[in-house]
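Worksheet: one structure, shown below.
These values consider heavy atoms only, across backbone and side chains, with no hydrogens, waters or symmetry-generated copies. Because the structure is a prediction, the values reported are computed rather than measured. In each ligand, atom 1 is the first atom listed, and ligand 1 is the first ligand listed.
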Amino acid sequence: MLQVEVFVFNPFQENTIVLYDETKDCVILDPGCYELDEKTELTEFIRKNGLHVKMLLNTHCHIDHVLGNSFVKETYKTKLFIHRHDEFVLRAVSSYASNYGFPQYDPATPDGYLEDGTDITFGNQKFSILFVPGHAPGHVAFYNDKAKVLIGGDVLFRNSIGRTDLPGGNFDTLIQSIHEKLFTLPDDVTVYPGHGPETTIGFEKKNNPFCAVTTN
Ligand SMILES: [Zn+2]
Ligand SMILES: [Zn+2]
């Protein structure tokens with residue numbers, strides 16, 4: 001059975017996620033760990049549960065989601081996968097990390113790319129990759145239809161949506177992604193966002209103030 005473990009890291013209160021199941025295989029998504037105690041919290045969880053790290057994934061490459069990329073890659077000798085359209089976003093992080101208070105940021109390069117409509121698998125789990133641009137140009141979400149779990153990144157939050165004023169962001173594109181890719185999923189799908197508490201597709205369809213906005 002799929003297990004979802006959420007850690008809240010760095011001053012942006014970013015949700016770092018570890019997915020694993022009974023096979024003990026796991027993937028790490030958006031490692032935002034920067035300080036030593038954050039890195040230790042992550043590695044201790046993996047050690048105590050006897051997990052084997054199979055992949056490192058980024059939903060998108062804003063600084064708060066990639067601070068621990070290099071640490072995870074080196075610690076677990078694992079490969080990093082992102083969407084191609086966020087590669088320039090990832091590359092730009094080094095240029096502004098110090099100004100954001102992360103002078104020790106260590107950049108990591110991707111080893112492969114995530115393609116819309118394809119799957120990633122680990123253990124007994126399968127997640128489809130959904131391309132959901134708007135908050136970031138190469139933003140993806142990961143959907144497990146059996147477990148009814150969506151790892152959504154910064155697209156859809158409880159009662160809110162991702163900001164669209166950063167480079168490569170676009171409000172209409174974001175709304176379109178939500179309506180066409182997320183609100184077409186079943187209502188009882190649990191959404192784990194990049195910040196804040198989990199929610200469901202059904203709850204957001206009913207309550208999200210941005211839900212009524214449509215594009216043409
Ligand atoms: Zn973001
Ligand atoms: Zn974020």
Side-chain angles (χ1 to χ4, degrees), residues 4-19 27-35 38-39 41-42 56-72 80-102 104-110 113-114 116 127 129-143 149-178 181-182 190-199 204 208 210:
V4 183
E5 185 72 16
V6 181
F7 304 83
V8 182
F9 289 149
N10 73 57
F12 293 97
Q13 301 281 290
E14 183 265 352
N15 292 335
T16 292
I17 293 176
V18 174
L19 301 173
V27 299
I28 300 174
L29 295 105
D30 294 358
C33 42
Y34 179 76
E35 301 293 346
E38 295 172 334
K39 292 172 177 170
E41 191 184 342
L42 179 65
L56 167 60
L57 306 169
N58 290 162
T59 60
H60 67 298
C61 298
H62 288 150
I63 189 166
D64 48 328
H65 297 251
V66 305
L67 285 165
N69 269 355
S70 167
F71 172 74
V72 168
L80 168 64
F81 296 91
I82 68 170
H83 192 279
R84 200 179 290 276
H85 291 175
D86 247 37
E87 192 157 16
F88 81 92
V89 178
L90 180 59
R91 252 193 253 120
V93 174
S94 296
S95 66
Y96 67 82
S98 285
N99 293 339
Y100 274 65
F102 305 102
Q104 310 293 332
Y105 171 69
D106 184 18
T109 47
Y113 299 103
L114 302 164
D116 184 47
F127 282 78
I129 297 164
L130 310 178
F131 180 52
V132 283
H135 169 72
H139 199 303
V140 293
F142 301 92
Y143 175 52
V149 163
L150 180 85
I151 308 302
D154 289 358
V155 173
L156 182 67
F157 301 120
R158 189 172 173 90
N159 285 319
S160 188
I161 60 172
R163 58 190 286 191
T164 54
D165 57 333
L166 297 169
N170 182 290
F171 181 79
D172 289 345
T173 305
L174 181 65
I175 295 298
Q176 195 181 354
S177 290
I178 291 170
K181 295 287 184 72
L182 303 191
T190 301
V191 181
Y192 292 88
H195 302 267
E198 61 194 66
T199 184
E204 296 312 316
N208 194 303
F210 299 92

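- At least one N, O or S atom of H65 sits under 2.8 Å from the Zn ion (ligand 2).
- Among the atoms of D64, an N, O or S atom falls under 2.8 Å of the Zn ion (ligand 2).
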Does the pair D30 and E14 meet the rule for a side chain to side chain contact (heavy atoms under 4.5 Å, CB included), with working shown?
CA-CA 8 Å; D30 294 358; E14 183 265 352; 3.1 Å; yes

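- The backbone N or O of N10 lies less than 3.5 Å from a partner atom in the side chain of E38, making a donor-acceptor pair.
- Of all the N, O or S atoms in H62, the one closest to the Zn ion (ligand 1) is ND1.
- Ring geometry for F131 against H83 counts as parallel: the plane angle stays under 30°, on a 0 to 90° scale with 60° as the upper cut.
- Aromatic ring pairs are classed by plane angle as parallel below 30°, tilted from 30° to 60° and perpendicular above 60°; the pair H195 and F157 is perpendicular.
- Metal site remark for the Zn ion (ligand 1): H135 contributes an N, O or S atom at a distance under 2.8 Å.
- Taking the Zn ion (ligand 2) as reference, the nearest N/O/S atom within H195 carries the name NE2.
- For D154, the N, O or S atom closest to the Zn ion (ligand 1) goes by the atom name OD2.
- L150 CG to L156 CG: the interatomic distance, rounded to the nearest 0.5 Å, is 8.5 Å.
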